[in-house]
Amino acid sequence: MKLLHRSFSSFPSSPLQTFLTIPQLCSNGRLQEALLDMAVLGPNMLGFHDYDALLNTCVNKRALREGQRVHTHMIKTSYFPPTYLRNRLLIFYGKCDRLADAHKVLDEMPDKNVVSWTAMISRYSQTGHSSEALTLFAEMMRADGKPNHFTFASVLTSCSGLSVFQKLLSQGMSPNYVTYASVLTALSGLALLDHGKQVHCHVLRRELPFYAVLQNSLIDMYSKCGNLSYARRLFDNMPETERTSVSWNAMLVGYSKHGLGKEVLELFGLMREGKRVKPDSVTLLAVLSGCSHGKMEDTGLSIFDGMIAGDYGVKPDTEHYGCIVDMLGRAGRIEEAFEFVKRMPSEPTAGVLGSLLGACRLHVSVDIGEAVGRRLIEIEPENAGNYVILSNLYASAGRWEDVNSLRAMMLRSAVTKEPGRSWIQHEQTLHYFHANDRTHPRREEVLAKLKEILMKMKQAGYVPDHSCVLYDVDEEQKERMLLGHSEKLALTFGLIATGDGIPIRVFKNLRICVDCHNFAKIFSKVFEREVSLRDKNRFHQIVGGVCSCGDYW
DNA sequence: GTAGGGTTAG
C-alpha cells in the first residue's frame, strides 16, 4: 500500500519529509506523525504493514497510550487483524505491563498459535506471576497447542523446573542451550545442587558447542548452590576470549554472597588488568556489595568515589547509592548513611530508604528509623516489609503501643507479608517447614528431637536471644516462639534424617535472625556437622561453631 | 520472510 499519506495530513513538514509512508515514519522513530496519519485515514485505509509498524514501534517505546490508539483504530474501522497482528497486540500489552489486556487479546484470538501462547506465558513468568504462567501452560497443552523451545524456556523461568524439564524430554524434544540455562536458573533459585549437577552432566554428555550463556548459568548455579570452588573452576576453564561481563559478574556475586570481600576485590583486579571485558553497572554493584558483606566499608567508599571520578567507566545510579547506604548502615554508621541519603543527587527510592530502615532496625536506631519508616510507608504503602521492619524496630525498643498501632495500620491496608519458610532436601524430596510447623508429617518427631538437643545446646552455651521476639509476651513464651523458627526445625530434621558427619544444608526464604544464627553455630559444634545455611541474600557456611560470614550479615 | 525464549544485578 503506497499511499501518499502526507496529502491527507495537515502536519507541517519540510518538503523533503513529504510522502513518507506510515512504516517509514515508524522506522525513523517518528511515531507521533505516523499516528496523526493514522487518525485522519478512514476505514480500510490502513493495512497490515501500517499496523504492524505502528504496534512494533509502540512495543519498543513502551508507548501504552499510543498503542491503545492503534488498537482502537482497528476496532473503529472494523479492521479484522490476522493472528500475526493479534500477537503483536498481545506482546504490546504484555510489555506495557497490562497483563489483563494482553490476556484478553489471547482469549479473543480465534486461531492462537504457539507464539501467542508463549508470549503470554513468558510475560507472566517475567513479571513473577508464576502460577498464572503454569496455569496457562496447562491450558495450552489441553488446547493441543504444541510447545516448542521458546515455550519451555518461558515456563522454566517461573517454576522449579524439573517437572517441566521432564515433560520436554518425554515429548521427545532435546533441550537446547537456552532450555538448559533456564532450568539451571530455576534450580539455583531453590539451591538444588544435586539436580544442578545432573543437568550439568546432561550438558556435558550432549557435547554442545560452547555457549557463554550456558557456561554463565552453570557458574551461577554452582555459586548459588554453595559450591564456589566448582563455580571458579568453570570460570577458569572458560577461554578468556569467551568470557563476558556476565561471567565475571556471576563469579563476583558468588564471592560477595559468601562474604568473601577479599576474593571479590582480587577478581575485580584481574578483570581490570585483563582489559578484555569492561566492568558494567552490575560489576560495580557486585564489588560494592562485596565490600559491604566483607566489612570493608572504607574500600567500598573509595571505589564509589572512583566511580564518580570516572575511574571505572560506570557512573553510579540509584542501585549503587543504595549499596553504599546498605554498607554504611550494616556497619552501624547510621548517621553517615542518613547524611549520604540526603546528599543523593536524586530523590531516594524506596529501595534506598528500605536499606536504611533495615540498618536502623539492626542497630536499633529508633529516631532515624522512625522518620525513614514513616516516609517509606507513605511512598510504598503496599509493601508489607516496611510495616514489619518498623514494627520490629519499635519492638526492640520496647515501644509496644507503636507496634500495635502499626499492626492495626497493616490490617487496614490489607497488606500481607510472605511467611518465613525453611527447606531442606532429603532423598530427592524438599521438606518445607514454617514457624511452629503443624503440617510436616514428621513434626512430632522433630519437636521431640528439638527438645532433646536443646539441653545439649544449652550446656554448650546456647542462650536464647529474646531480642528476636517481636511480641510483647512473657519470657517463657518468647523462648517457645524462638524455638519455633523454621530454620531450627529444618536443622533438627536434618540431624534426624542424615547420618553422622554429613553436612546439613538448609535454605530460608527470608533473612536469618540472630538467634537462629547463634543456634546454628553451636549446633555445628555440638553435633560435629558442617551447616550450610542460605538465606534470602547470602550464604552462611558454619564449621565447628564458626560462620563464614564472621557474624556479619 | 514472520512475532515468542536465555545468563549476572534488585
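So you know, we letter chains A, B, ... as the sequences are listed, proteins then strands, and number each from 1. These numbers come from the heavy atoms of this one structure, side chains and all, not from hydrogens, waters or symmetry mates.
In this structure, A:Lys342 places its NZ atom where more than 12 heavy-atom neighbours from other residues, nucleotides or ligands lie under 6.0 Å away. Applying the 6.0 Å contact sphere to NZ of A:Lys536 captures no more than 12 heavy atoms from other residues, nucleotides or ligands.
Nucleic acid contact class of A:Thr157 (heavy atoms, under 4.0 Å, all strands): sugar-phosphate only. Backbone-only contact: A:Thr185 has heavy atoms under 4.0 Å from sugar-phosphate atoms and none from a base. Within the nucleic acid shown, A:Asn113 comes within 4.0 Å of at least one base atom, counting heavy atoms only. Contacts of A:Val114 with the nucleic acid, taken as non-hydrogen atoms under 4.0 Å apart, include base atoms.
In the set B:dG6, B:dG10, B:dT8, the nucleotide with an atom closest to the side chain of A:Glu319 is B:dG10. Side-chain proximity of A:Val246 to B:dT7, B:dG4, B:dG10: nearest is B:dT7. When the nucleotides B:dG4, B:dT7, B:dG10 are ranked by their closest atom to the side chain of A:Lys257, B:dG10 comes out on top. Checked against B:dG6, B:dT2, B:dT7, the side chain of A:Val178 finds its nearest nucleotide in B:dG6. The nucleotide whose nearest atom lies closest to any side-chain atom of A:Tyr84 is, among B:dT7, B:dT2, B:dG4, B:dT2. Residue A:His149 has its side chain nearest to B:dG5 when only B:dG4, B:dG5, B:dT7 are considered. Counting only heavy atoms from C-beta on, A:Ala119 has its side chain closest to B:dG4 among B:dT8, B:dG4, B:dG5. Of the candidates B:dG6, B:dA3, B:dG5, the closest approach to any side-chain atom of A:Tyr177 belongs to B:dG6.
In this structure, A:Gln126 does not reach the B:dG4 phosphate: none of its side-chain N or O atoms is under 4.0 Å from OP1 or OP2. Residue A:Ser245 places no side-chain N or O under 4.0 Å from the OP1 or OP2 atom of B:dT8. Contact between the side-chain N/O atoms of A:Lys224 and the OP1/OP2 oxygens of B:dA9 is found at a separation under 4.0 Å. In terms of phosphate contacts, A:Thr179 brings no side-chain nitrogen or oxygen within less than 4.0 Å of OP1 or OP2 of B:dG5.
As rounded to whole Å, 10 Å separates atom C1' of B:dG4 from atom CE of A:Met140. Rounding to whole angstrom units, NE2 of residue A:His49 and C1' of B:dT2 are separated by 11 Å. The distance between atom CG of A:Asn87 and atom P of B:dG5, rounded to the nearest whole Å, is 12 Å. Taking atom CG of A:Leu353 as the reference point, atom P of B:dG10 lies 18 Å away to the nearest angstrom. Following rounding to the nearest Å, A:Asn148 (CG) and B:dG4 (C1') show an atom-to-atom distance of 8 Å. The interatomic distance linking A:Asp52 (CG) with B:dT2 (P) rounds to 12 Å, in whole Å. Regarding A:Asn249, its CG atom lies at a distance of 14 Å from the C1' atom of B:dG10, rounded to whole Å. With rounding to whole Å, A:Arg538 atom CZ is found 15 Å from B:dA9 atom P.
Between the side chains of A:Arg65 and A:Gln68, not a single donor N or O lies within less than 3.5 Å of an accepting N or O. With no hydrogens or angles considered, a side-chain donor-acceptor pair links A:Thr179 and A:Asn176 at under 3.5 Å. Looking only at atom types and distance, the side chain of A:Asn44 has no donor-acceptor partner in the side chain of A:Thr77 under 3.5 Å away.
A:Leu288 pairs in a side-chain contact (heavy atoms from CB on, under 4.5 Å) with only one of the listed residues (A:Met327, A:Met307, A:Met296), which is A:Met307.
Side-chain atoms of A:Asn176 stay outside donor-acceptor range of the base of B:dG6, with no qualifying N/O pair under 3.5 Å.
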